[in-house]
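Since the structure comes first, as structure tokens, the remarks are kept for the end.
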Amino acid sequence: MTSTSPSNSGAPQRFPVVIVGAGPAGLTIGNILRAAGVDCLVLEVETREFIEQRPRAGVIEEWAVRGLQRRGLADTLLERAQLHTECEFRFAGERFRFAYGELTGQHHFVYPQPLLVTDLVREYADVRGGEIRFGVQDIELHDLETPRPSVSYTDAGTGERQLVGCEFVAGCDGARGVTRTVLPETTTIARHDYGIGWLALLAEAPPSSDCVLFGIHPNGFAGHMARSPEVTRYYLECPPGDDPENWSHDRVWAELQQRLGADGTPSLTEGRLIEKRVLDMHNYVVEPMTFGRLFLAGDSAHLTAPIAAKGMNLALHDAFLLGDALVAYLGKDDGSGLDGYSEACLRRVWDYQEFSQWLSEVYHGTSSGDEYRAGTTFARLRRLFTSPAAAAAFAEQYLGTAATY
């Protein structure tokens with residue numbers, strides 16, 4: 001919540017920037033600030049152990065990795081990440097390999113988000129000496145439309161209220177975080193519901209392919225994404241709101257084998273399912289991504305369903321722009337980056353939203369029960385593998401190289 005009269009708080013502390021949320025966006029912003037000698041405070045409602053283990057996406061586009069690398073944040077990632085230069089579509093009983101690396105000279109990095117968060121926390125807190133407080137409760141934001149905003153919270157250890165004065169607040173705590181609750185009525189939140197669910201699975205089984213697999217099948221979409229030599233991420237299209245318990249071990253593997261099967265391919269390597277949860281596919285975009293001295297980043301500002309694996313990449317893009325803009329303002333009194341922050345972020349956000357919507361039709365048109373949508377799905381797929389221009393356009397969007405800054 002927000003207010004103009006924080007109460008029951010101790011003597012106020014002061015930091016130029018308070019960052020709410022210790023995900024990829026918040027931690028990247030914190031690291032950029034610390035590298036420039038700017039003090040900041042990160043507040044996180046969960047424990048350090050929790051955020052370092054929370055299962056999340058693992059596909060990072062090359063431009064995003066290079067952005068981390070330029071800021072000294074990619075050493076471990078570059079040592080450990082897998083590189084992917086191809087993906088494979090399987091439909092109508094056949095397999096079609098798409099070599100986007102050959103078309104663009106670029107690739108994807110596969111590096112699970114918990115590993116990246118672990119790297120960023122270590123760099124921020126243990127190497128660069130940044131202040132971070134875990135397990136805080138009842139965060140409130142105050143006076144955001146003034147030059148002297150503040151943030152109050154309850155300390156997990158003492159139970160006491162703490163008040164922190166600042167110049168700026170970075171809201172990086174997701175759609176359910178406090179920073180989304182303080183937006184004025186003039187803020188526009190555009191939403192889109194795909195009307196489908198994905199059963200997200202982690203299998204204790206080695207990958208069954210050397211690349212990402214997309215199964216386009218009348219039963220529903222299926223996806224295969226390597227996470228490590230021992231663990232594979234799978235997705236199965238299902239009804240929105242479905243109960244994961246409806247999907248037994250045998251049912252899951254039978255559907256995966258069928259939806260990802262193709263002539264000349266071996267059966268998937270099966271293993272114990274260590275995670276099952278249903279994700280309802282929906283998107284949203286907040287415009288503008290600012291309110292007074294509050295700047296939103298990552299899922300606080302926008303959500304792109306995992307259809308196109310864009311979420312973490314957008315969070316990093318926001319963080320690069322906001323971190324650099326805050327450094328320019330606080331160090332050089334240059335406010336141009338902050339003034340243009342929302343517009344610059346939203347150009348890429350909407351590019352990715354459009355691609356997610358296009359790709360959703362490819363993934364789900366065949367299983368929609370609509371013969372027209374199924375026909376247009378196959379037309380798009382045929383064009384992808386017969387038209388060099390269509391292939392080049394898809395590769396640019398898939399890698400994020402076509403998006404504008």
Side-chain angles (χ1 to χ4, degrees), residues 18-32 42-46 50-61 64 67-68 111-118 120-121 132 134 136 139 141 169-183 187-194 197-198 200 277-291 294-323 341-342 344-357 360 400 403:
V18 173
I19 300 166
V20 183
L27 291 168
T28 299
I29 294 167
N31 273 298
I32 292 171
V42 176
L43 299 176
E44 171 57 50
V45 299
E46 304 291 353
F50 181 89
I51 67 167
E52 291 181 347
Q53 297 172 12
R54 177 168 43 195
R56 287 293 186 271
V59 177
I60 312 180
E61 294 166 355
L68 290 168
Y111 194 64
Q113 181 172 312
L115 298 182
L116 179 62
V117 167
T118 299
L120 294 173
V121 170
I132 184 166
F134 292 101
V136 303
I139 298 172
L141 311 182
V169 178
C172 310
D173 53 343
R176 297 181 180 87
V178 66
T179 59
R180 273 285 292 274
T181 69
V182 303
L183 300 177
T187 301
T188 298
I189 303 180
R191 305 178 190 273
H192 178 68
D193 189 340
Y194 289 98
W198 277 11
R277 56 195 176 100
V278 171
L279 309 174
D280 290 344
M281 298 292 105
H282 65 278
N283 296 351
Y284 59 76
V285 180
V286 176
E287 293 193 65
M289 291 169 51
T290 61
F291 169 52
L294 170 66
F295 291 79
L296 302 180
D299 285 358
S300 296
H302 42 74
L303 176 71
T304 304
I307 290 166
K310 298 293 190 182
M312 182 160 56
N313 296 284
L314 283 176
L316 291 173
H317 181 246
D318 294 349
F320 297 155
L321 292 181
L322 183 54
Y341 168 72
S342 181
C345 290
L346 287 168
R347 284 197 293 269
R348 182 174 286 268
V349 168
W350 280 116
D351 279 341
Y352 281 16
Q353 292 283 340
E354 188 278 330
F355 181 60
S356 176
Q357 191 173 46
S360 177

Result for side chain to side chain contact (heavy atoms under 4.5 Å, CB included) between P24 and one of N313, D318, V117 points to V117

So, taking the atom named CD in E46 and the one named CD in Q53, what distance separates them when rounded to the nearest 0.5 Å? 11.5 Å

Could you tell me whether the side chains of S300 and D173 share a donor-acceptor contact shorter than 3.5 Å? yes

Would you give the length of the straight line joining atom CG of N283 to atom NZ of K310, rounded to the nearest 0.5 angstrom? 13.0 Å

Side-chain (R54) to main-chain (G23) donor-acceptor, under 3.5 angstrom: no

Minimum side-chain heavy-atom gap E287-W350 below 4.5 Å: yes

Look at the side chain of S356 and the backbone N and O of Y352, then say whether any donor-acceptor pair between them is shorter than 3.5 Å. no

Supply the atom-to-atom distance L294 CG to M289 CE, rounded to the nearest 0.5 angstrom. 10.5 Å

Out of the candidates V169, V136, I19, V178, only one should pair with L43 under the side chain to side chain contact (heavy atoms under 4.5 Å, CB included) rule; please name it. V136

Would you confirm whether D299, through its side chain, and A175, through its main-chain N or O, come within 3.5 Å as a donor-acceptor pair? no

Partners of Y194 by ring-ring contact (aromatic ring centres under 6.0 Å, His included), sequence neighbours excluded? H192

Roughly how far apart are D351 CG and L346 CG, rounded to 0.5 Å? 11.0 Å

Determine whether T179 and F291 make a side-chain contact, defined as any pair of heavy atoms from C-beta on separated by less than 4.5 Å. no

Residues L321 and C345: closest non-hydrogen pair is CD1-SG, 3.8 Å

Return the CD1 to CG distance between I139 and L141, rounded to the nearest 0.5 Å. 7.5 Å

If every non-hydrogen atom of F320 is compared with every non-hydrogen atom of T28, which pair is closest and at what distance? CE2-CG2, 3.9 Å

Backbone of L303 reached by a side-chain donor or acceptor of Q353 within 3.5 Å: yes

All heavy atoms of H282 vs all of D193, minimum pair found to be CB-CA, 4.1 Å

So which atom in A22 and which in V42 form the shortest heavy-atom distance, rounded to 0.1 Å? CB-CG1, 3.9 Å

Determine, stepwise, if the pair V59 / M312 fulfils side-chain contact (heavy atoms from CB on, under 4.5 Å). CA-CA 8 Å; V59 177; M312 182 160 56; over 6 Å; no

Min side-chain heavy-atom separation L27-I132 under 4.5 Å: yes

Quick one: side chain to side chain contact (heavy atoms under 4.5 Å, CB included) partners of R176, sequence neighbours excluded? none

To check you understand the geometry: which heavy-atom pair defines the closest contact between A25 and A315, and what is its length? CB-O, 3.8 Å

List the residues meeting side chain to side chain contact (heavy atoms under 4.5 Å, CB included) with N31, not counting sequence neighbours, and say none if there are none. L73, L120, E123, Y124, R128

From Y284 OH over to R191 CZ, what is the distance, rounded to the nearest 0.5 angstrom? 8.5 Å

For T290 and Y341, which heavy atoms make the closest approach, and how far apart are they? CG2-CD2, 4.0 Å

